[in-house]
Every structure is written in C-alpha cells, then in structure tokens.
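Counting starts at 1 for both ligands and their atoms, following the listed order. Small disclaimer: the values here were computed from a predicted structure and weren't measured.
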Amino acid sequence: MTTVVVPEVMGILNVTPDSFSDGGRFRHIDQALRQAEQMVADGARYVDIGGESTRPGAAAVSLQEELDRVVPLVEKLSTRVDVLISVDTCKTSVMQEVLPFNVRMINDIKALQDEGAVALLAQYSTDICLMHMQGEPRTMQHQPHYSEVVEDVSDFLAERMAICTSAGIARERIYLDPGFGFGKSVTHNYQLLQRLEQLHRLEQPLLIGMSRKSMLGQVTGRPVEERLAASIAAATIAAMKGARILRVHDVKQTVDAMNVVAATLAGDWT
Ligand code: 7PM
C-alpha cells in the first residue's frame, strides 16, 4: 500500500448573523454543534469558528459581540465533539478567551498584527495560520495593487513568520495562507493559484480557502449558492499543488474529491 498525503479538510462554521452564504442559520449553539458533528461525520478534521464577518465592506463586530458568539461555542465544542477547533479571529482579547480551551489553531486573517497577539501566542502551543491581506476588509477590494503578487504575498508571509519565530513561536506551529480574495483582483487570485508551489519555498504548510469565493463566481458567472462545482475544482487544484489544509463550506463533497486525489497520487486504491 502506498501512503500519500492529501489535505485535511477544515469545515467553516460561521456564527455571524450576516455570514454571506449561510445567512445566520448557525446563530444558535445547538445548531452549530449539530453542524460541527455533521462536518466530522463527513470527514472534516477541523472546524473553523469565526464570529466576525470579514466580507468585503462588512461592518466591524464589537468585541463583546464576537466573544458572545464564539466563546460559548468553543467551550461546548471542545468537550462534546471530537474535532480540532480553529478559531478565526484577529483580536488579541478573543484569542485570550479561547486559548484556555482545547483550541488547536488560531486562524488570523491579519497574521497576528493586533497588539499583543504575537506575545500572547508565544505563551501557548496552539498552531497559528498567518494569512495575507492587502488593506482592510472594508476597502480591500478597491484597486488592489502589487508589484508582483506572488513575490509580495510571499515576502509578507516570510516577514510575519520571522516576527513570530523571533518571539519564540516554533516554526512547526505555523501555517501560511495567501488569502484568496483579500485585497486581490481576479487576476491576482489566479496568479497565486497558478504559482502556489512558489509558496513552498517558505517551507511551511499551506492553508487554502477558496470555497464559494468571488474568484470562482467571476469565471463561472455563478452566484454564491451555485459555486459548489467551481469550489471542488479549486480545492482539487490546491490539493495537487500540495496544500495541507483546505478551508471549505462543503465538507462532504470536498472529502470525496480528496479521496480521488489520494487514489491518483497513489496510483492505487486501498
Ligand atoms: C464574506 C466574505 C464572508 C469572505 C467570509 C469570507 C479565509 C479565512 C475567510 C481564507 C483563512 C470566506 C471569507 N477566508 N481564513 N477566512 N483563509 N485562513 O469566504 O481564505 O470564508 S472569510
């Protein structure tokens, strides 16, 4: 039997009422727990919990509101569901409240740039995802500009990683993410996907999120609720280019695709 590595699947569990594709259906904890259980049954290794909408143009969520949405869910999930918990936040005070629970990853679209975030994470052993974003969520899609997008994203991630390791965060804890859709034109996104391998030069595992994003809507002409096939294509491409974790809405279908990738890479089925 040949063993091959295909990406782990991270299911997106959004607890924001204005989440762009789930319409706030998971506002209630019980529903969120059931959703997490289903994701595990479908083959997710992680669930990613985010209480702040990062939709381009979205209003910022207050700290108290984010805490109210996220902390009780993390607490219950950590004792009741056998899954690795990722918390999607860029606020140091939210990290501080969830880290004492059994959290495996802090997924930060601002790459630990909030004050005190790096120092806080240095005191824990949680994994960290450092994501690239140009600008701020509210305005990031207005005229994104790069001298060379893959180089620029790579340089940013290398710099954030250096700041983390200098503060005492072990390299083994760090995942990198080019941040598809975050301050990028459609062309920038496809240049990043075309040359994803280039990010392996940083020698860290890659976490990739393209599920239902507008880069898929643009090339298919589909609205967000009709982007499953495009999302599976994008996930498969990222897998073939060596991504370690795929952050997705549609866990079951993505896991099926990853089983096809695994059989292909192995040239075998077991
Ligand atoms: C509205 C627009 C709501 C965009 C949500 C989003 C990523 C992430 C998000 C990603 C990592 C989405 C995004 N995307 N974290 N959080 N990487 N690490 O489509 O690509 O889910 S939020």
Side-chain angles (χ1 to χ4, degrees), residues 7-26 39 44 46-61 66 69-70 84-91 94-95 103-113 117 126-141 144 153 156-157 160-161 173-184 188-189 192-193 196 199 204-218 222-225 227-228 230-231 234-235 237-238 243-251 254:
E8 307 273 18
V9 172
M10 171 182 279
I12 301 168
L13 197 63
N14 227 306
V15 292
T16 58
D18 62 348
S19 164
F20 83 131
S21 55
D22 285 318
R25 282 187 287 124
F26 310 124
M39 285 176 170
Y46 294 82
V47 292
D48 188 41
I49 302 172
E52 181 188 29
S53 178
T54 41
R55 179 184 57 210
V61 168
E66 191 178 344
R69 290 174 185 182
V70 170
L84 302 177
I85 300 172
S86 163
V87 178
D88 185 343
T89 186
C90 52
K91 297 195 184 84
V94 174
M95 296 173 194
V103 170
R104 172 60 68 104
M105 178 180 287
I106 295 293
N107 172 25
D108 185 356
I109 64 164
K110 293 194 180 149
L112 303 187
Q113 293 182 87
T126 326
D127 288 344
I128 298 157
C129 179
L130 301 174
M131 197 195 80
H132 173 272
M133 167 166 51
Q134 183 175 90
E136 291 280 314
R138 207 169 48 79
T139 54
M140 65 188 175
Q141 292 308 106
V153 166
F156 171 85
L157 293 173
R160 294 307 303 164
M161 192 165 66
R173 297 171 52 194
I174 301 175
Y175 288 73
L176 301 178
D177 182 342
F180 285 97
F182 286 87
K184 286 147 190 116
H188 293 141
N189 286 314
L192 279 165
L193 185 55
L196 200 64
L199 298 179
Q204 296 301 126
L206 301 180
L207 187 155
I208 298 298
M210 293 184 283
S211 182
R212 301 182 186 174
K213 285 189 179 175
S214 78
M215 63 182 283
L216 307 176
Q218 300 271 348
R222 305 281 181 206
V224 68
E225 66 278 8
R227 294 180 190 162
L228 174 60
S231 297
I237 292 162
R244 186 74 59 87
I245 300 178
L246 301 175
R247 181 181 178 279
V248 305
H249 299 87
D250 303 289
V251 170
T254 308

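- A salt bridge links Arg247 to Asp48: at least one charged side-chain nitrogen sits closer than 4.0 Å to a carboxylate oxygen.
- The side chain of Arg247, and not its backbone, has at least one atom closer than 4.0 Å to an atom of ligand 1 (non-hydrogen atoms only; side chain from C-beta on).
- Heavy atoms of Asp88 found under 4.0 angstrom from ligand 1 belong exclusively to the side chain.
- Applying the 4.0 Å criterion to heavy atoms of Gly209 picks out, from ligand 1, the atoms 20 (O).
- A heavy-atom distance below 4.5 Å is not found between the side chains of Met105 and Val87.
- In terms of polar-atom proximity, defined here as any N/O pair under 3.5 Å, Asn107 does make such a contact with ligand 1.
- Residue contacts with ligand 1 include Cys129, since one of its heavy atoms falls under 4.0 Å from the ligand.
- Here the rule is side chain to side chain contact (heavy atoms under 4.5 Å, CB included) with Ile106, and of Leu130, Thr126, Asp127 only Thr126 fits it.
- Residue Leu207 approaches ligand 1 through these ligand atoms, each under 4.0 Å from one of its heavy atoms: 18 (N).
- Contact atoms of ligand 1 toward Met131: 10 (C), 11 (C), 17 (N) (distance under 4.0 Å to a heavy atom of the residue).
- Residue contacts with ligand 1 for Met210 are absent, since no atom lies close enough (heavy atoms, distance under 4.0 Å).
- Annotation: the span from Glu8 atom CD to Thr254 atom OG1 amounts to 13.5 Å, rounded to 0.5 Å.
- For the side chain to side chain contact (heavy atoms under 4.5 Å, CB included) test, residues two or more places apart in sequence or in another chain that qualify with Arg244 are Tyr175, Pro205.
- Inclusion of Ser211 in the set of residues having an N or O under 3.5 Å from an N or O of ligand 1 is not warranted.
- Among Val9, Leu84, Ile85, the one residue that satisfies the side chain to side chain contact (heavy atoms under 4.5 Å, CB included) test with Tyr46 is Leu84.
- Leu207 has its side chain within reach of Cys129: a pair of non-hydrogen atoms, C-beta onward, lies under 4.5 Å apart.
- Shown in contact with Phe182 at under 4.0 Å from a heavy atom are these atoms of ligand 1, numbered in order with element: 7 (C), 9 (C), 14 (N), 22 (S).
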